Amino acid sequence: MPNIKSAKKRVLVNATKAMQNKAAKSAMKTTLKKFDAAVAEGNRSEADSAYKVAVKAVDKAAAKGLMHKNKAARKKSQLTVKLNAIQAN
């Protein structure tokens, strides 16, 4: 445990930020799972709306630094491929 007042504050702030990051990452994963469920169901209209929400969540996560921008781009590309696979079938 730190003795200096500013170091004590940093510990508290870091813990708060870690919880916020964890919650945001969890919310993003939930939107991705909802998209995957819509794709598995084969419902095109539901998958379209879930796709828009998922892409927005991935972009927000990349902007906040929760994931690297290249990972976000790769994830969005994977989502698009899954969405287009529904149209092909």
Side-chain angles (χ1 to χ4, degrees):
M1 193 66 193
N3 294 322
I4 298 168
K5 188 175 183 179
S6 62
K8 289 178 184 178
K9 181 180 178 181
R10 291 303 333 152
V11 168
L12 296 175
V13 170
N14 287 340
T16 304
K17 288 292 186 183
M19 286 188 290
Q20 289 174 349
N21 288 340
K22 188 173 184 179
K25 204 170 213 180
S26 176
M28 180 197 62
K29 288 180 183 179
T30 302
T31 59
L32 294 176
K33 286 178 186 176
K34 286 181 181 177
F35 171 75
D36 286 337
V39 169
E41 192 176 299
N43 188 345
R44 176 66 186 195
S45 61
E46 189 178 320
D48 277 333
S49 61
Y51 172 79
K52 290 177 185 175
V53 174
V55 167
K56 188 172 183 178
V58 169
D59 282 336
K60 277 188 174 182
K64 289 181 180 179
L66 297 177
M67 70 168 47
H68 193 274
K69 64 177 185 172
N70 290 352
K71 181 178 179 179
R74 183 175 69 244
K75 181 59 73 177
K76 290 192 295 186
S77 175
Q78 290 169 345
L79 294 174
T80 305
V81 168
K82 286 182 184 180
L83 186 66
N84 290 339
I86 294 176
Q87 192 173 15
N89 292 338

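For the single chain, residues carry numbers from 1 onward in sequence order. Here the structure is a predicted model, which means the values were calculated and not measured.
- Using a 4.0 Å cut-off between charged side-chain N and carboxylate O, D48 and K52 make no salt bridge.
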(request) Applying side chain to side chain contact (heavy atoms under 4.5 Å, CB included), run through L79 and Y51 and close with a yes or a no. (result) CA-CA 7 Å; L79 294 174; Y51 172 79; 3.9 Å; yes
(message) Applying side chain to side chain contact (heavy atoms under 4.5 Å, CB included) to R74 and N70, what does each step give before you reach the verdict?
(response) CA-CA 6 Å; R74 183 175 69 244; N70 290 352; 5.5 Å; no
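- In this structure, N3 and K8 approach most closely via the heavy-atom pair O-CE, 3.6 Å.
- The distance from the CZ atom of R10 to the CD1 atom of I4 is 13.5 Å, given to the nearest 0.5 Å.
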(message) Set out, in order, the CA-CA distance, both residues' side-chain angles and the distance that settles side chain to side chain contact (heavy atoms under 4.5 Å, CB included) for Q20 and K17, then state yes or no.
(response) CA-CA 5 Å; Q20 289 174 349; K17 288 292 186 183; 3.5 Å; yes
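- The heavy-atom pair separating T31 from A57 by the smallest distance is OG1-CB, 3.6 Å.
- Considering only heavy atoms from C-beta on, K75 stays 4.5 Å or farther from V55 through its side chain.
- Taking both residues in full, the closest heavy atoms of G42 and I86 are given as O-CG2, 4.1 Å, listed atom of the first, atom of the second, then distance.
- Crowding of L12 atom CG: a count of heavy atoms from other residues, nucleotides or ligands under 6.0 Å exceeding 12.
- Considering every non-hydrogen atom in both D59 and K76, the closest pair reads OD1-NZ, 2.8 Å.
- Separation of atoms NZ (K25) and NZ (K64) is listed at 12.5 Å; rounding is to 0.5 Å.
- T30 places a side-chain N or O within donor-acceptor distance of the main-chain N or O of S26, the cut-off being under 3.5 Å.
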